[in-house]
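A short write-up of the structure that comes next.
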2 protein chains.
Amino acid sequence: MKIGELAKATDTQVETIRYYERIGLLSAPGRSAANYRIYDPSHRSRLSFIRHSRQLGFTIDDIRSLLDLADHPERDCAEADNITTRHLRQVEAKISHLTRLRDELVRVSGRCRGGLSSDCQVIETLADHGHCTAKHE
Amino acid sequence: MKIGELAKATDTQVETIRYYERIGLLSAPGRSAANYRIYDPSHRSRLSFIRHSRQLGFTIDDIRSLLDLADHPERDCAEADNITTRHLRQVEAKISHLTRLRDELVRVSGRCRGGLSSDCQVIETLADHGHCTAKHE
DNA sequence: GCTTGACCCTGTAGCAGCTACAGGGTGCAT
DNA sequence: ATGCACCCTGTAGCTGCTACAGGGTCAAGC
C-alpha cells in the first residue's frame, strides 16, 4: 500500500509516518518505480502498535523499547511491565498536579465579580502569590 | 538589581528572564555602564505576575492578555475571567483525558503475569487495539 | 599588579513530537 | 492536454524554556 492508504488505515498523518521513518521508529519500506513508499502488512501492524502506544501517552523512547521487546520473544516480559508501570506513575503524578491546579483556578476565577479590571480579583491574585491557599509549582 | 538577583528573588532562571525579554513579555530594563541589565521593583512585580501565571498553567499568550488588562484598569474585568475560565476548562479536559489514560494503563499493566515477552499481554494489548475497553485518543 | 572566580553579555542550537510549508515529480481521468 | 490528487525531499515552525560557546566585567585575595 502507498503512504496515503497506510495513513488512512492507521488514522495517522502522512507526515507523521515519514517522521517515524526519519527517526528510525518505523523501518523504511520498499519503493515503487516512481520512488513511492510501498508498505506491507507488517508495516501496518507496527504502525498500529506505535500509534496505540502514543495514544496511551508512551514516549517515543518507551515505544522503541517496547517494539524491541516485541521483536525478541525470548526476553523477559517484566521489562514491558516496568515501562508501563513507570509511565502509569507519571500519568498519576500529572493528574494530581493538574487537580491542584484546577482547584486553585476555581478559587481564582470565583473571585471575579465583574466590573473594572482595576478592581479585578483575578489579576490581583495573579500579582500577589500570597493570595493563594496552596503552594503550587 | 542585576539579573541574577532578580532571578533569585522571583525563583526564575536567568536564561528564562532573558527569554521573556526576547519575546517581549518583560520589557527591556536599563543597562549599566558595563551593559548589565538593571531592574527596578516594577520589573520584579511584573515577573512575579508572569511566573505565578505560568505556575497556574496559563500560556504565554494568555499572560500577554492578562498583563495588558492589568495595565489598563479602565477595561472590563470580564476578559480576565474569560481567560481564566477557558483555561480552567482546558485543565479539566486534560484531567479527564489523563484519567481515562490511567484507567487503561492500569488495565494493561494488570495483565502482565511475568514470563516471556512472546506471551506478554502488555505487548499483545498494544499491538491490538481491540483489547481495549474504551476508545482513547 | 595579577589572578581567580562569580557574575554578566550575545547568539545559536536543542528538547518532544509532530505539523506545515515550498518546490518539485507521478499517475490517472476527462 | 490538462487538471487534480497524490507522492517526493528538505527545511522551518510550534511551546517554553534550557544549555551551551565564546567572550567581557568586577571585586577579593595574594
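Numbered from 1 within each chain, the chains take letters A, B, ... in sequence-line order.
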For [X] and [Y], which heavy atoms make the closest approach, and how far apart are they?
X	Y	answer
A/Ile63	A/Ile50	CD1-O, 3.9 Å
A/Gln13	A/Ala7	C-CB, 4.4 Å
A/Arg51	A/Thr10	CG-O, 4.3 Å
B/Ile123	A/Phe49	O-CE1, 3.6 Å

Starting from the C-alpha separation in whole Å, work towards a yes-or-no answer on side-chain hydrogen bond (donor to acceptor under 3.5 Å, both in side chains) for B/Asp40 and B/Ser42.
CA-CA 6 Å; B/Asp40 59 36; B/Ser42 78; 2.7 Å; yes
Atom pair distance, as rounded to whole Å: [atom1] in [X] and [atom2] in [N]:
X	N	atom1	atom2	value
B/Arg51	D/dC17	CZ	C1'	9 Å
B/Arg18	D/dG16	CZ	C1'	16 Å
B/Glu21	D/dT18	CD	P	17 Å
A/Ile17	D/dC6	CD1	P	14 Å
B/Ile38	D/dC26	CD1	P	10 Å

Check whether any side-chain heavy atom of [X] lies under 4.5 Å from a side-chain heavy atom of [Y], and answer yes or no.
X	Y	result
B/Tyr36	B/Ile3	no
B/Tyr39	B/Ile17	yes
A/Asp81	B/Ser109	yes

Sugar-phosphate only, base, or nothing, as touched by [X] at under 4.0 Å among non-hydrogen atoms:
X	value
A/Phe58	nothing
B/Arg64	nothing
A/Ile23	nothing

Comparing B/Arg54 with B/Tyr36, nearest DNA chain D nucleotide closer to 5' gives the residue B/Arg54
Would you say a side-chain N or O of B/Tyr20 is under 4.0 Å from OP1 or OP2 of D/dC17?
yes
Looking at B/Thr16, does any N or O in its side chain come under 4.0 Å of the phosphate oxygens OP1/OP2 on D/dT18?
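True: B/Thr16 side-chain N/O within range (under 4.0 Å) of D/dT18 OP1/OP2.
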Quick one: how far along DNA chain C does chain B reach, first to last nucleotide 5' to 3', anything under 4.0 Å to a heavy atom?
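Span of nucleotides near chain B: C/dC7 to C/dT10.
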Of A/Tyr19 and A/Ser32, the one whose nearest nucleotide on DNA chain C sits closer to the 5' end is A/Tyr19
To the nearest 0.5 angstrom, please state how far the CD atom of B/Gln90 sits from the NE2 atom of B/His97.
14.5 Å
At how many degrees, to 10°, do the end axes of the helix from C/dG1-D/dC30 to C/dT30-D/dA1 meet when each uses five pairs?
30°
